[in-house]
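All ligand and atom numbering here is 1-based and tracks the order in the structure. Nothing here was measured: the structure is a model prediction, and the numbers come from that model.
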Amino acid sequence: MADGGSGAASRSGPPTAWIGTSWKMTKTLAQARAFSGALVDVPWAAGLQPFVIPPATAIATVAELLPPGGPVLVGAQDAHWEDEGPWTGEVSVPQVKDAGARLLEIGHSERRAHFGETDERVNLKVQAALRHGLLPLVCVGEDAGQRAAGSAVDVVSAQVRAALDGVPDHAQVLLAYEPVWAIGASGTPAEPEDIAEVVASIVAVGQGRPVLYGGSVALDNATGLIDVAGVDGLFVGRAAWDAADFVALAEIVAQRST
Ligand code: 13P
């Protein structure tokens, strides 16, 4: 498995498993503080790399409790590809890095669907993250129609290829497979057999870079999903927004993969 990245906590060697959550557009600063505080003294398994991706408003607050260089990586949910300039409402990679982020989520399907995130922009953001030493976490996934048409592998492979266009082979990038039909309250949780072939294609196109699975991951299906060949970690929304549940999911991942 590929090295997890210079942004990852430096414990003994590269991570062998990943557990992360994006809070999407949830949590006040008080809630962010409570969640992060609950993680401060967790005895994480060796080889497990936890990460938390707050909304931009809470990155600095979370990073005060979970600082760069510590065992929990803090991320940003998005950032612009330019370093600065007249882009009202946007934040840049240097800005989220300054706030304490060491990981950058890119290309989540909600951004692709609602905010015009194209494969080309995803690639620009991967390059921007790498330029500033952040670990890119690129989200890919087919929608229900594409799956029904039998084109999931082709769609996802093309997304990965586009994201990594011009990226050096040695560059550390995480890839998250999040089928659109499996995400969120209206999603249908995937069965392990639904995802195995696409995961294998991401491993191949991504040249062995770590692959995380996301989309309606929960305590009762995490074991089956982390056990899928090629899955190196889980990327969780709703089911990990409570710190105790995040830690419980981390334990499942650690038991099965470290
Ligand atoms: P849910 O786990 O809430 O389905 O969200 C998954 C996701 O989009 C993580 O980025």
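No donor-acceptor distance shorter than 3.5 angstrom exists from the side chain of Lys97 to the backbone of Leu134, with no hydrogens or angles considered.
When only modelled atom types and interatomic distance are considered, Thr118 and Arg112 share no side-chain donor-acceptor pair under 3.5 Å. For the 3.5 Å distance criterion, the side chains of Trp44 and Gln49 fail to qualify, holding no donor opposite an acceptor.
Inclusion of Gly237 in the set of residues having an N or O under 3.5 Å from an N or O of ligand 1 is warranted.
Less than 4.0 angstrom separates some heavy atom of Phe235 from each of these atoms of ligand 1: 10 (O). Residue Lys24 has at least one heavy-atom neighbour below 4.0 Å for each of these atoms of ligand 1: 5 (O), 6 (C), 7 (C), 8 (O). Atoms of ligand 1 lying under 4.0 Å from any heavy atom of Arg238, numbered from 1 in the order shown and given with element: 1 (P), 2 (O), 3 (O), 4 (O). Atoms of ligand 1 found under 4.0 Å from any heavy atom of Ser216, numbered from 1 in the order shown, are 1 (P), 2 (O), 4 (O). Contact atoms of ligand 1 toward Gly184: 1 (P), 4 (O) (distance under 4.0 Å to a heavy atom of the residue).
Among protein heavy atoms, the minimum distance from atom 8 (O) of ligand 1 is reached at His108 NE2, 2.6 Å. At the top of the distance list for atom 9 (C) of ligand 1, counting protein heavy atoms only, stands Glu178 OE2, 3.1 Å.
At a threshold of 4.5 Å between non-hydrogen side-chain atoms, the residues Phe51 and Leu212 count as touching.
The distance between the ring centers of Trp241 and Phe246 does not fall below 6.0 angstrom. Aromatic rings of Tyr177 and Phe235 (six-membered ring for Trp) have centroids beyond the 6.0 Å cut-off, not under it.
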